[in-house]
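Heavy atoms only: backbone and side chains are in, while hydrogens, waters and symmetry mates are out. So you know, we letter chains A, B, ... as the sequences are listed, proteins then strands, and number each from 1. From a predicted model like this one, the values you see are computed outputs, not experimental measurements.
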There are 2 protein chains.
Amino acid sequence: MKKKRHELILDFIKNNNVSRQEEIIKMLFEHGFNVTQATISRDIKELKIIKEHFGKNDIRYAVSEKIGNDDNYKMIFTRSAISADATMNIIVVKCYSGTANAACIALDSMNLPGLVGTIAGDDTIFVACKDVNATSHIIGTINSLLKD
Amino acid sequence: MKKKRHELILDFIKNNNVSRQEEIIKMLFEHGFNVTQATISRDIKELKIIKEHFGKNDIRYAVSEKIGNDDNYKMIFTRSAISADATMNIIVVKCYSGTANAACIALDSMNLPGLVGTIAGDDTIFVACKDVNATSHIIGTINSLLKD
DNA sequence: AAATAAAATGTATAAACATTCGTACCGCAG
DNA sequence: CTGCGGTACGAATGTTTATACATTTTATTT
């Protein structure tokens with residue numbers, strides 16, 4: 001039953017602003033589970049759920065996933081970028097109009113080794129790389145992102 | 001003095017396993033700051049520091065990478081979006097021409113609870129929400145973003 | 001199946017944390 | 001100056017969460 005309960009909890013906090021364990025107890029009760037706060041506390045620990053401050057006056061539980069975050073960036077990038085080309089140590093990435101900024105931030109956040117800096121216009125990103133070697137490495141990474 | 005204190009706190013939690021606000025008080029004291037737990041609580045809120053479960057029996061404070069990125073997202077969003085309106089479980093966000101896509105991606109990336117899906121045209125975003133309740137919550141969040 | 005070990009949970013309580021309320025300290029307009 | 005609006009803070013208190021210990025449930029061994 002623990003498994004099912006955990007699933008419910010995860011689902012619940014993903015789809016609602018949950019800020020107290022009591023709310024989870026209530027939700028579980030409505031789904032036929034009858035557990036105490038101590039159990040929820042342990043569940044939260046096991047599920048590695050975190051409590052985050054959001055906006056100015058909200059606190060909410062959230063699933064802690066650094067990996068999930070990476071995926072997020074990749075998603076942003078692949079949804080924004082169209083193609084990439086390299087000359088010397090510069091890579092030029094073409095994006096859909098208006099998305100270069102977002103794609104650029106996503107790219108930056110990947111912390112690619114050998115990447116020196118980026119600048120974004122409306123639909124184009126310039127990526128400055130350390131040297132030709134790094135350039136081919138990075139464009140390889142970018143192209144593999146573009147494929148999915 | 002608050003600025004300096006905040007810096008110390010961030011530095012501290014990045015480089016140590018900090019699991020209680022008391023530890024922060026102690027550290028600050030050693031650096032010449034004399035504040036109470038109430039202040040630390042407020043600092044943690046302002047700095048959007050989270051408490052994460054780590055390993056099997058550790059809890060520690062950490063800087064939420066997600067939130068840091070959130071700031072980026074927020075920036076993209078607020079620079080693109082103009083206004084928002086809701087009917088039933090749909091929110092319509094008006095953006096500057098050509099920016100809806102970027103704003104939409106930013107919005108998606110915030111992982112707002114109750115948000116089911118989004119779609120962007122050139123200057124408009126449709127946001128589908130789970131129900132009316134979620135809708136009002138989400139438009140509240142959007143409006144608070146638009147204010148700054 | 002009885003005996004034993006291990007996991008899951010509840011109870012009660014302690015610990016950790018957030019918040020309310022009051023005060024002090026600005027910066028500034030009148 | 002004087003009063004107003006805002007920020008920062010401590011003390012006290014309320015709220016929320018974690019945990020020590022006891023108990024029940026489930027699995028494992030013999």
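- In this structure, B:E46 atom CD and C:dA18 atom P are separated by 12 Å, rounded to whole Å.
- For A:R5, a side-chain nitrogen or oxygen approaches OP1 or OP2 of C:dT9 to under 4.0 Å.
- Nearest approach of A:A120 to A:C104, heavy atoms of both residues: CB-CB, 3.7 Å.
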Just the atom pairs and distances: protein N or O near nucleotides 15-21 of chain D's N or O, under 3.5 Å.
unit_1 : atom_1 : unit_2 : atom_2 : d
D:dT16 : OP1    : A:R20  : NE     : 2.6
D:dT17 : OP1    : A:K51  : NZ     : 2.8
D:dT17 : OP1    : A:Y61  : OH     : 2.6
D:dT17 : OP2    : A:Q21  : N      : 2.8
D:dA18 : OP2    : A:Q21  : NE2    : 2.9
D:dA18 : OP2    : A:S41  : OG     : 2.7
D:dA18 : N7     : A:Q37  : NE2    : 3.0
D:dA18 : N6     : A:Q37  : OE1    : 2.8

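- Using a 4.0 Å heavy-atom distance criterion, A:N34 is classed as a sugar-phosphate-only contact.
- Side-chain contact annotation: B:S19 with B:E23, donor-acceptor N/O pair under 3.5 Å present.
- Closest of all the heavy-atom pairs between A:A100 and A:T124 is CB-N, 3.5 Å.
- In this structure a side-chain-to-backbone donor-acceptor pair under 3.5 Å is present from B:T135 to B:D131.
- The CD1 atom of B:I25 sits 13 Å away from the C1' atom of D:dA11 (whole-angstrom rounding).
- Note: CE (A:M1) to C1' (D:dT24) measures 17 Å, nearest angstrom.
- Residues B:N101 and A:S97 have side chains that never bring a donor and an acceptor to within less than 3.5 angstrom of each other.
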- [ ] Take A:L28 and A:L8, measure what side chain to side chain contact (heavy atoms under 4.5 Å, CB included) needs, and give me the verdict at the end.
- [x] CA-CA 8 Å; A:L28 287 174; A:L8 277 171; 4.0 Å; yes
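- Atom-to-atom, CD1 of B:I24 to P of C:dA18 comes out at 10 Å; the value is rounded to the nearest Å.
- Regarding B:K26, its NZ atom lies at a distance of 14 Å from the P atom of C:dA16, rounded to whole Å.
- For the pair A:K2 NZ and D:dA27 P, the interatomic distance rounds to 13 Å; values are reported in whole Å.
- Rounded to an integer number of Å, the gap from A:E52 CD to C:dC17 P is 17 Å.
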